[in-house]
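Take a look at the structure set out below.
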Amino acid sequence: MSSEERKNAESGRPTDFIRDVVAEDMRTGKWGGRVLTRFPPEPNGYMHIGHAKAFGLNFGVAEDFGGRCHLRFDDTDPTKEEAQYVEAIQEDIRWMGFDWGEHLYFASDYFQQMYEYAVQLIRQGKAYVDDQTAEEIRQTRGTLTRPGRDSPYRGRGVEENLDLFRRMKEGEFGDGSRVLRAKIDMAHPNLNMRDPVMYRILHAHHYRQGDTWCMYPMYDWAHGLEDSIEGVTHSLCSLEFENHRPLYDWFLDQLGVHHPQQIEFARFNLTHTVMSKRFLRPLVEQDYVRGWDDPRMPTLRGMRRRGYTPEAIREFLKRVGVAKFISTVDIALLEHCLRQDLNKRCPRVMAVLRPLRVVIDNYPEDKVEQMEAVNNPEDAGMGTRQVPFSRVLYIEQEDFREEPPKKFYRLAPGREVRLRYAYFVTCVDVVKDERTGEVVELHCTYDPATRGGDAPDGRKVKSTLHWVSAAHALEAEVRLYDHLFTKEDPADVPEGEDWKANLNPNSLEVLPSCRVEPSLAGAAAGSRYQFERLGYFCVDPDSTAGRLVFNRTLSLRDSWARIELAQKQNR
RNA sequence: UGGGGAAUAGUGUAACGGUAGCACAACUGACUCUGGAUCAGUUAGUCCAGGUUCGAAUCCUGGUUCCCCAGCCA
């Protein structure tokens with residue numbers, strides 16, 4: 001996307017308040033015309049669409065202003081981080097279309113320099129080793145309304161602090177026995193400024209540093225330094241770090257090093273889904289979904305498997321915008337962006353999800369005709385294909401009603417409809433299961449003059465049905481997905497009740513014996529199609545050579561479903 | 001009850017003292033070999049109360065509501 005497109009069409013200004021700031025900095029030459037942003041994930045989980053907003057912003061701002069964006073793993077807690085996430089996160093960001101080139105960094109690579117900065121702070125009398133327990137530190141921190149109390153170790157001399165800190169590093173002390181704290185103000189109204197912990201002793205194996213370190217820097221101490229070391233100009237982060245900014249400012253100013261400008265923006269929520277790890281993790285661990293890449297998950301892996309395109313997600317993020325208000329975006333907007341993209345790019349194909357056998361009584365038994373079908377009416381360049389037609393077909397069960405309600409235009413006894421790209425057919429008989437009364441087969445007659453789908457006498461039909469030839473169709477499994485939660489806000493539960501009660505029991509429906517047209521044979525995992533009149537589907541990696549498995553990415557807009565719903569509600 | 005933030009149609013977002021606009025959603029209608037797509041239209045908004053100003057979503061004062069902060073997580 002060019003920077004011109006990034007501008008507000010009406011005002012000609014950048015599209016959000018952060019780009020406003022950056023544009024102004026470029027105008028005044030504040031950073032010498034440089035723009036350097038970064039995306040700093042902790043490698044302890046998978047990326048979801050909320051993260052995509054954050055990295056899309058960072059990479060996007062850099063791109064718009066001819067700058068650069070670093071990917072830096074914030075790996076300062078060895079008890080939570082794993083190498084597998086480093087790979088997975090890169091894969092997801094790359095899939096979304098962003099590129100950090102050579103600029104892949106790790107906070108853990110800066111541990112030695114951070115140590116030296118800490119020594120400097122101690123020398124300046126601005127940090128001290130505290131022997132209190134975690135509990136004691138908590139007790140003396142004070143509360144939101146009451147000031148904290150100074151630690152009895154706060155007055156230690158520089159030499160003693162230096163010695164103790166060195167010995168912390170050497171591994172002389174046990175986990176939790178001592179910490180290094182900044183010496184700021186135990187009565188500060190901002191709790192983050194009440195002598196925050198800078199280092200904790202942790203005899204843990206780091207996935208990259210091994211056992212080199214037995215004490216690790218805290219996020220608040222490390223993060224600002226990481227940005228400073230890399231020369232970041234605009235440090236974009238979410239709203240909850242607003243409270244921490246004064247602390248980063250304090251550290252950087254005490255050290256007298258490069259001082260990026262931090263700008264905070266709001267995260268967003270999506271209706272009918274959850275995005276925080278706190279909610280997502282139990283869904284996976286307690287088997288409410290099939291894993292982090294379950295197509296119902298808002299993780300990028302899940303969305304990828306579901307059939308989402310990165311382009312659709314980026315368009316969605318662009319429309320969501322960037323502001324300081326924590327919004328709840330209607331998932332319908334995401335779906336709209338997806339449909340818009342899929343409509344343009346997906347080849348059309350015919351598939352029957354719930355097959356109803358149809359015999360064309362006056363069509364010769366052994367005859368097979370190839371019907372020419374358009375691959376994509378939105379794009380003539382995608383060409384046409386041949387679809388076999390024969391005497392026995394399948395149509396969708398819901399496309400036939402023995403007693404059609406008002407405004408139901410599809411097939412019914414005595415009614416004529418069009419079979420897409422084939423013939424006009426009229427229903428002449430209905431075969432039912434004697435015991436259940438269920439309709440099991442239809443008999444129709446066809447009009448040979450309507451081959452291709454048009455009647456030479458100009459007569460019209462009210463609807464067009466999709467179909468497959470029974471003898472030629474492939475059997476396939478189709479997985480239908482719906483919103484993960486029935487409520488817009490999944491966390492909205494009565495006092496004391498579990499939010500999982502809002503889980504949609506019908507978020508997954510597996511249809512084991514669908515029939516798809518033969519052109520789909522051998523379709524590659526990940527390939528996307530529109531099943532005409534039904535929706536967008538993609539081939540799941542669970543597919544095998546002999547059996548295709550499809551995920552329904554998204555249904556088509558369905559105005560009959562709306563009418564039917566309204567009819568039910570009026571009754 | 002301390003500190004830091006935020007409030008514009010149902011939802012999201014624009015306006016930078018000068019006609020409150022756009023998108024999604026909803027609803028009409030047109031068109032259609034996908035009840036898809038497309039096109040046209042309708043409904044609907046500045047948190048509240050004062051003030052400054054010829055003129056306020058925007059500036060000022062006071063209030064209301066919501067979010068974040070008391071990890072040796074990030």
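It should be emphasised that the depicted structure is a prediction, and the values quoted were computed from it without experimental measurement. We use all heavy atoms of the structure for the numbers below, so side chains are in, but hydrogens, waters and symmetry mates are not.
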Quiz item: Within the structure shown, what part of the strands sits under 4.0 Å from Ala323(A) by heavy-atom distance: base, sugar-phosphate, or nothing?
Solution: sugar-phosphate

Quiz item: Would the number of heavy atoms belonging to other residues, nucleotides or ligands and lying under 6.0 Å from NZ of Lys324(A) be above 12?
Solution: yes

Self-check item: Crowding at CZ, Arg149(A) (>12 non-hydrogen neighbours, <6.0 Å)
Solution: no

Quiz prompt | His336(A) side-chain N/O to C24(B) phosphate OP1/OP2 under 4.0 Å | solution = yes

Practice problem: Please determine, for the side chain of Glu242(A), which listed nucleotide (G4(B), G2(B), G10(B)) has the closest atom? | Solution: G4(B)

Exercise. Please lay out, stage by stage, how Arg267(A) and Glu240(A) fare under the test salt bridge (Lys or Arg N to Asp or Glu O under 4.0 Å).
Key: CA-CA 10 Å; Arg267(A) 304 179 183 213; Glu240(A) 63 267 34; 2.5 Å; yes

Quiz item: With a non-hydrogen cut-off below 4.0 angstrom, is Glu264(A) in contact with a base, only sugar-phosphate, or nothing?
Solution: nothing

Quiz item: Tyr199(A) near the nucleic acid: base, sugar-phosphate alone, or nothing, with a heavy-atom cut-off under 4.0 Å?
Solution: nothing

Exercise. Quote, to the nearest angstrom, the C1' distance that separates C24(B) from A44(B).
Key: 14 Å

Quiz item: Do Arg410(A) and Glu564(A) pass the salt bridge (Lys or Arg N to Asp or Glu O under 4.0 Å) test, and can you show the C-alpha distance, the side-chain angles, and the key distance before you say yes or no?
Solution: CA-CA 13 Å; Arg410(A) 282 111 96 143; Glu564(A) 200 179 27; over 6 Å; no

Quiz item: Does a distance-only test, which skips hydrogens and angles, find a donor-acceptor pair under 3.5 Å between the side chain of Arg319(A) and the base of U13(B)?
Solution: no

Quiz item: Considering only heavy atoms, which members of residues 218-228 of chain A lie under 4.0 Å from some atom of RNA chain B?
Solution: Met218(A), Tyr219(A)

Quiz item: Counting any heavy atom closer than 4.0 Å, what does Asp454(A) reach on the DNA or RNA strands: base, sugar-phosphate only, or nothing?
Solution: base

Quiz item: Parallel under 30°, tilted from 30 to 60°, perpendicular over 60°: which one fits the rings of His272(A) and His483(A)?
Solution: parallel

Quiz item: Counting just side-chain N and O atoms, does Ser463(A) come under 4.0 Å of either OP1 or OP2 of U34(B)?
Solution: no

Quiz item: Is a donor-acceptor pair below 3.5 Å formed from side chain Arg339(A) to base G36(B), judging by atom type as modelled?
Solution: no

Exercise. With heavy atoms under 4.0 Å as the rule, sort Ile137(A) into base, sugar-phosphate or nothing.
Key: base

Quiz prompt | Whole-Å P distance, G21(B) and A57(B) | solution = 13 Å

Exercise. Give one of base, sugar-phosphate or nothing for Leu333(A), where a contact means two heavy atoms less than 4.0 Å apart.
Key: sugar-phosphate

Practice problem: Considering just the side-chain nitrogens and oxygens of Arg138(A), establish if one lies under 4.0 Å of OP1 or OP2 belonging to C72(B). | Solution: no

Quiz item: Of all residues at least two apart in sequence or in a different chain, which pass the ring pair (Phe, Tyr, Trp, His ring centres under 6.0 Å) check with Tyr207(A)?
Solution: none

Practice problem: Kindly say whether, by distance alone, the side chain of Asn243(A) makes a donor-acceptor pair under 3.5 Å with the base of G3(B)? | Solution: yes

Quiz item: If you look at every strand shown and take non-hydrogen atoms under 4.0 Å, does Arg557(A) touch a base, only sugar-phosphate, or nothing?
Solution: sugar-phosphate

Quiz item: Which of these, Phe531(A), Tyr536(A), Phe537(A), sits in a ring-ring contact (aromatic ring centres under 6.0 Å, His included) with Phe550(A)?
Solution: Phe531(A)

Self-check item: Under-4.0 Å salt bridge between Glu396(A) and Arg533(A)
Solution: no

Quiz item: Hey, does the side chain of Thr15(A) come within less than 4.0 Å of A14(B)'s phosphate (OP1/OP2), counting only N and O?
Solution: no

Quiz prompt | Pair assignment for RNA chain B - dot-bracket with | for other-strand partners, Watson-Crick or G-U under 3.5 Å | solution = .((((((..((((....[..)))).(((((.......)))))....(((((..]....))))))))))).....

Self-check item: Phosphate OP1/OP2 of C68(B): any Arg267(A) side-chain N/O under 4.0 Å
Solution: no

Quiz item: For A26(B), does either OP1 or OP2 sit under 4.0 Å from a side-chain N or O belonging to Arg562(A)?
Solution: yes

Quiz prompt | With Tyr421(A), the side chain to side chain contact (heavy atoms under 4.5 Å, CB included) member among Glu532(A), Glu372(A), His466(A) | solution = Glu532(A)

Quiz item: Would you call Tyr409(A) stacked on G35(B), i.e. ring centres under 5.5 Å apart with the planes less than 30° off parallel?
Solution: yes

Practice problem: Describe the nucleic acid contact of Asn44(A) in one word from base, sugar-phosphate, nothing, applying a heavy-atom distance below 4.0 Å. | Solution: nothing

Practice problem: Using only heavy-atom distances, decide whether a donor-acceptor pair under 3.5 angstrom links the side-chain of Glu378(A) to the base of G36(B). | Solution: yes

Practice problem: Check every strand shown and say whether Leu202(A) touches a base, only sugar-phosphate, or nothing at a heavy-atom separation below 4.0 Å. | Solution: nothing

Quiz item: Does C72(B) have OP1 or OP2 sitting under 4.0 Å from an N or O in the side chain of Arg141(A)?
Solution: yes

Exercise. Using the P atom on both, measure U58(B) against U1(B) and round to a whole Å.
Key: 26 Å

Quiz item: Is there a donor-acceptor contact under 3.5 Å linking the side chains of Arg418(A) and Thr464(A)?
Solution: yes

